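Everything on this sheet refers to the single structure shown next.
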Amino acid sequence: MLTTPKTTGSFESFDGTPIYYEVRGEGEPLILIYGIACIMNHWHHQIEYFSHKYKVITFDLRGHQKSNPVTDMSQLTMEALAKDVFALMKHLEIKQAHFAGHSFGVPIMLKAYDEKPEAFASMIFINGFARNPIKGMFGLDVIEPFFYFVKEQYEKQPYVWNTLWKLAVDNPMSVYIAALAGGFNLRVSHIKDIEVYLRGVARLNLEVFITLFEELMEYNGESVLENIKVPALIISGEKDMVTPLRFQYHFKETIKHSEFVLVPYGSHCTQLDFPDYTNLKMEKFLKEVSSKK
């Protein structure tokens with residue numbers, strides 16, 4: 001349970017889409033960016049831990065949870081997501097911050113860094129990727145064809161597929177399916193966290209998910225990795241089947257002067273599986289960054 005007092009708010013981003021945010025604590029700003037179809041709860045261990053020493057900022061991605069409605073559905077792009085980050089910083093009068101991204105939050109960070117590197121004091125990558133992670137996901141090559149099949153069917157019958165979407169994720173069996181897919185480690189993750197996550201997914205508009213998922217597949221931030229000049233920490237779950245280890249090792253090999261941490265038995269949601277270990281590694285990294293300023 002979070003005990004640090006929070007302030008909440010909402011502002012209009014560049015296109016009028018409302019962006020909801022929460023702020024806890026005082027100190028150097030630490031902005032946490034969750035993944036596609038995720039919720040702020042994915043960061044609750046980090047929020048509670050770091051808000052005693054940092055100003056911890058979380059927000060809902062456009063089209064997610066309280067950042068609705070999206071004013072223009074054509075603005076569900078990586079560029080728009082990066083603009084939202086800068087609009088958030090401007091609204092909160094923050095010029096520079098530490099950033100941590102999980103999964104799809106990582107390419108959002110990369111796009112934002114590419115646009116405005118001076119806004120970054122450091123970057124923490126948790127089970128992220130810089131290019132299409134779908135090929136070979138779960139050790140298979142069927143995810144991408146299946147996605148385009150669903151997209152085609154959705155465009156024909158959006159109401160039917162939105163209903164099927166909500167029924168599929170808001171189902172007790174979904175907890176175990178999500179875990180088996182590499183999203184969680186049931187041996188260490190709390191069932192409540194997975195249930196909260198799935199309820200959040202069920203509330204997501206399927207069109208938003210499909211549009212952003214296609215954006216995820218088309219984005220390529222490889223060139224950004226080579227140009228990162230701020231300190232970077234790469235955290236990888238050993239058992240992550242969503243963004244396999246090769247993506248994390250590639251980050252380490254490509255980002256100059258980066259630090260790599262492998263979390264044994266960690267799944268795709270390492271920060272939920274092993275929060276104490278993850279927090280200690282993040283804290284050590286952030287302290288070292290601050291000491292060099």
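On a predicted model such as this, the values are computed, not experimentally measured, just so you know.
Judged purely by atom type and a 3.5 angstrom limit, Q248 uses its side chain to pair as donor or acceptor with the backbone of G128. With hydrogens and angles ignored, the 3.5 Å screen pairs no side-chain donor or acceptor of E259 with any backbone N or O of L233. A donor-acceptor distance shorter than 3.5 angstrom exists from the side chain of S67 to the backbone of Y20, with no hydrogens or angles considered. H102 places no side-chain N or O within donor-acceptor distance of the main-chain N or O of W43, the cut-off being under 3.5 Å. No donor-acceptor distance shorter than 3.5 angstrom exists from the side chain of S13 to the backbone of D15, with no hydrogens or angles considered.
Among all heavy-atom pairs drawn from P18 and S10, the shortest one is CB-OG, 3.8 Å. Smallest separation of non-hydrogen atoms from I36 and F104: N-CB, 3.3 Å. In this structure, S258 and I255 approach most closely via the heavy-atom pair OG-O, 2.9 Å. For the residue pair N41 and L272, the shortest heavy atom distance occurs at O-CD2, 4.1 Å. When all heavy atoms are compared, the tightest approach of M282 to I126 is SD-CD1, 4.4 Å. What you find for M40 and I47 is that their closest heavy atoms are O-CD1, 4.2 Å.
Ring-plane geometry between F251 and F125 is classed as perpendicular, the angle between the planes exceeding 60 degrees on a 0 to 90 degree scale with a lower cut at 30. Using cut-offs of 30° and 60° on the angle between ring planes, the pair H91 and F11 is parallel.
Side-chain contact check for H42 and Q46: no donor-acceptor pair (N or O, by modelled atom type) lies under 3.5 Å.
Scored by the side-chain contact (heavy atoms from CB on, under 4.5 Å) test, L280 finds Y49, E283 as partners (sequence neighbours excluded). When the side-chain contact (heavy atoms from CB on, under 4.5 Å) test is applied to E222, the partners found at least two apart in sequence or on another chain are A130, R131, N220, L225, H250.
In terms of hydrophobic clustering, with Ile, Leu, Val, Met, Phe, Trp and Tyr side chains grouped at heavy-atom distances under 4.5 Å, Y249 and V106 are assigned to a common cluster. Side-chain heavy atoms closer than 4.5 Å link hydrophobic residues (I, L, V, M, F, W, Y) into clusters, and following such links, possibly through other members, connects L216 to M73. Linking ILVMFWY side-chain heavy atoms closer than 4.5 Å, directly or via other members, places I234 and Y265 in a single hydrophobic cluster.
For K252 and F260, the positive end is not near the middle of the six-membered ring at less than 6.0 Å and at most 45° from its axis. Figure legend: cation-pi geometry between K111 and Y219 absent, as NZ or CZ is not positioned both under 6.0 Å from the six-membered ring centre and within 45° of its axis.
If you take CZ on F129 and CG on L110, they are separated by 9.5 Å, rounding to the nearest 0.5 Å.
A salt bridge is absent between E118 and K116; no separation between the charged side-chain nitrogens and carboxylate oxygens falls under 4.0 Å. A salt bridge does not link K66 with D60: none of the charged nitrogens is closer than 4.0 Å to a carboxylate oxygen. Taking 4.0 Å as the cut-off between side-chain N and carboxylate O, D273 and K239 do not count as a salt-bridged pair. Salt-bridge check for E288 with K292: failed, with every basic side-chain N at 4.0 Å or more from each acidic carboxylate O.
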How far apart are the C-alpha atoms of T270 and N127, what are their side-chain angles, what is the distance that settles it, and do they pass the side chain to side chain donor-acceptor pair (under 3.5 Å) test? CA-CA 8 Å; T270 305; N127 296 330; 2.9 Å; yes
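Q65 is listed as a side-chain neighbour of I39, based on a closest heavy-atom distance under 4.5 Å.
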